[in-house]
Amino acid sequence: MLNHKNCYVLQPSIIRLQRHLPRKETSPDESQIPFKHRSRPFTANFRPRTAKAKKQPEIVGGEDLEKSVETIIARRRKTDSSTTTSSSAFSIPRPLPPSPPARVTTINEEGGDSSTPPFSPILLPPTTTTTTNPEIVFEAASREISQNSGLSPREQFEVMLDIDTSGQIQNPEAPSNDTEADVPQEEEKIVIIPESEREQMEVMLDIDTNAQVQSTENIPSKIETKEELKVIKDSIHSAIKIITPSASIEIHEPSDESFVEEEPTGISSFLTVPSEATSRRSSEIDSEDGRSSIQSRLSFIVQAKLHHYANDLRRRTSQVMEEVIQMDDDALSDDESEAAAAGAQQDQQASLMSLIGFDPDADTQTEISSRRQCFPHHIDPFTCLLPLDLFYIVAGPLAAFRIPRLLKIYAFWEFFDLLDSSFSNPYAIRITRTFCYMIYIIHCNSCVYYMLSAWQAFGQLAYNYKGQWYLNKWVYNNQGNAYIRCFYFTAAVATSTGNNPPPTNVIEFAYMTFSWMMGVFVFALLLGQIRDIVYNANKNAEEFRATMDKALGECKRLELPAHVQEKVRAWFMYTWEQQKTLDESKLVDKLPLKLQTDLALSVHYTTLSKVQLFQDCDRSLLRDLVLKLRPVIFLPGEMVCNKGDVGKEMYIVNQGVLEVVNDEKTKVFATLGEGVAFGEISLLAIGGNNRRTANIRSKGYSTLFVLSKEDLNDVIKDYPEAQILLKKKAKQMLKKDKSKSSKSRKDLRDDLVKISSVSAALPTPRMLSAVAQLLPKESDVAKELHFMMNKSNVKPQRLKRWSTIPDDVSDISDTEFPKQRLSGIHKSRSFDLGDFNNRKNAEN
Ligand SMILES: Nc1ncnc2c1ncn2[C@@H]1O[C@@H]2COP(=O)(O)O[C@H]2[C@H]1O
């Protein structure tokens, strides 16, 4: 912060010298004059130490100065020996034994001129003196300078005094002295320094305190934040520490309230100099208490300096703040450019997320955007409603006071935009808006007509035409409702309907011409717009009807069966009902791909999210897939796929119900509802088979999404995990189906066993029972018959006729079934007869 380039050093010798110099009597008036404006007999042109080596222009002769130096040394010796303080105008002062040598360093502000005081005087901490007797040092130094330095006598003199007299001599106010006799005078001039201690201090610090004080009065600084105050305060404290511990500066911290006050707090309001310091004048400077006087002067100077310092700090702080803000803006713009790249994605994500219900802020965002739509964001709506009407009281009713209401035109447009996007049929809204334009134009024109009529006199103006006097019928005759009459007149003129009264003068002719032109161009445009809107409203329906008629006409021409023609008609009707267009994809193919995806996702996501096959798949896979889906409509009873066909597509049920039926289409094995995917088994060739494994039929009208094999492969090739997952799921489904079907086979086998099981309790043939009854009971045959008949009444015994069929039979359609059955029956019968013979033999 500090510029050390212009570092001026004032050696302690000069300070000590000044202390012992006689003071010049200063007139009281002069002490009031700002120092820089006073005649300054001594301007200590302190130069950097490096400048000492530089050869200065010799103005005083070398030998003269040599003598002067010798004189000074001699006088000094003399003074020392007599141990008295010299009272002459010029004397070498004794160094102050007790006071530690101090070094005054003045740092100039960069670019500062002579009128501008140096930036900040900083007294460096006292340095320790290594030599105990300064006189010896002084003499040794003098000798050394005169013998070995090689400097001219004048320069030697300057070095001893540690000043640069060249500036002094160049001073136009100081008379130049070139002669030997003048040397002492010159010396005297050199040592004539400002009389007051204040001025001495000023010289020492190379500043002008009066100027400083004046400059501090002009400090326009404001402390606006507490942080700013803290920075300044800390800087001041550190500066005070550097300058002098004894400088009494009070820093009053403003209360917190001062920051909220409207009156800005200036630096000077909290940085105050003790009152005694400020009140003291030059008369007090000569007080005996020199130390305290110097301190107070120092405080004064320091205060002034600190004001300057604080001001500068503030300036720099605000600069830094501006830079930071600029940097923030830059960073923001960078971020914006980065965000722009991801913008589409962001927007898309937002909309996508909101559509699929993952974005909790979606509702809020929609609300905000709709609010923005309601109110024009660039015009404060309250500006339009400024109560300028109150000026009517003063100036009477003037239309000009209502002009701000025109600003509400944005609200009009945005209102209609909102309606346009809200209504399913926006055509009516658009027509209304166009109609509003027309009415507004007529309204404005009727106002002009009224003004012209009022200006010419309402229907009272008579005019002479070809020597005859007529009453002006063009102007409004001031009868009836003025607004309605004028509006009617204007509307009639603009649309050229009605019998318009002829204009009678130039103004009226101009008005009529303008109105007709407006009618021709503006109204023609507006009416044309309405025609377009109406045409577009029916355009889709007309196109659709034309296509359907064409298709049905072709069917008739080809003499297709009636039921086929009916199917075609039904398809057209259902498609129109569902989509209001023949080709949905046509509506969106002009949109960017991302937007298309968004749209498709928003429409189909509900269905897709239900598809079990895609349940655990990557979300981006769904995004890719969704664009490949094609909606297809199936009519009631229509077959979607047949068993054994080659599978080229898979389907997702969007709407409707489908059935898995047997080959005869008589039995329904399963029904498939919304969100069910099918046809993947053959598509993914699960089990190495690309044939359909079932017949699928549409129960009623149904809408399916079709995904071709190429599209699916195209998408999942980028998602190997999904590929594995899909196959796994399809296999699981197939396995489940197999297990289901094997269970049903087992049931079927049981049924068959049940059906084919032959009971031993065969019903006794009627003939046999009749014979048994006719035969005498005691006869053997009768007994045998009765035995047989009673046996049939016991619990039926199941024959193990199916024992030849293995339990794990997989094929129930056994062709040997009838043979086995017969042999089984035969076997069981033979068994029964054998048993009978054995028992008969035993009885015998
Ligand atoms: N019992 C069933 N329940 C549900 N879907 C089935 C059943 N059997 C077959 N499918 C599906 O019907 C589809 C017919 O074609 P795919 O063989 O390609 O894939 C088949 C399965 O997705």
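Just the heavy atoms: all of them, side chains too, but no hydrogens, waters or symmetry mates, feed the values below.
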Novice: Donor-acceptor pair, distance only, cut-off 3.5 Å: does the side chain of Arg485 make one with the backbone of Tyr476?
Specialist: no
Novice: Can you sort out the partners of Asp532 under salt bridge (charged side-chain N to carboxylate O under 4.0 Å, His left out), two or more places apart, ordered by chain and number?
Specialist: none
Novice: Roughly how far, to the nearest 0.5 Å, is CZ of Phe458 from CG of Asn477?
Specialist: 9.5 Å
Novice: Taking atom CG of Leu526 and atom CD1 of Ile439, what is their separation to the nearest 0.5 Å?
Specialist: 11.0 Å
Novice: State which residues pass salt bridge (charged side-chain N to carboxylate O under 4.0 Å, His left out) with Arg433; sequence neighbours excluded, sorted by chain then number.
Specialist: Asp417
Novice: Ring pair (Phe, Tyr, Trp, His ring centres under 6.0 Å) with Tyr449: which of Phe489, Phe514, Tyr488, Phe487?
Specialist: Phe489
Novice: Please report the interatomic distance CD1(Ile507) to CH2(Trp474), rounded to the nearest 0.5 Å.
Specialist: 9.0 Å
Novice: Would one find more than 12 heavy atoms of other residues, nucleotides or ligands at under 6.0 Å from atom OH of Tyr535?
Specialist: no
Novice: Quick check for you: to the nearest 0.5 Å, what is the distance between Ile530 atom CD1 and Phe523 atom CZ?
Specialist: 10.5 Å
Novice: Apply side-chain contact (heavy atoms from CB on, under 4.5 Å) to Leu527 and Arg531, showing your working.
Specialist: CA-CA 6 Å; Leu527 288 173; Arg531 189 193 62 84; over 6 Å; no
Novice: Under 4.5 Å between any side-chain heavy atoms of Phe391 and Leu398, yes or no?
Specialist: no
Novice: Judged by atom type as modelled, is there a donor-acceptor pair below 3.5 Å linking the side chain of Tyr483 to the main-chain atoms of Ser446?
Specialist: no
Novice: Using the side-chain contact (heavy atoms from CB on, under 4.5 Å) rule, pick out the option among Val475, Leu452, Thr513 that qualifies with Glu508.
Specialist: Val475
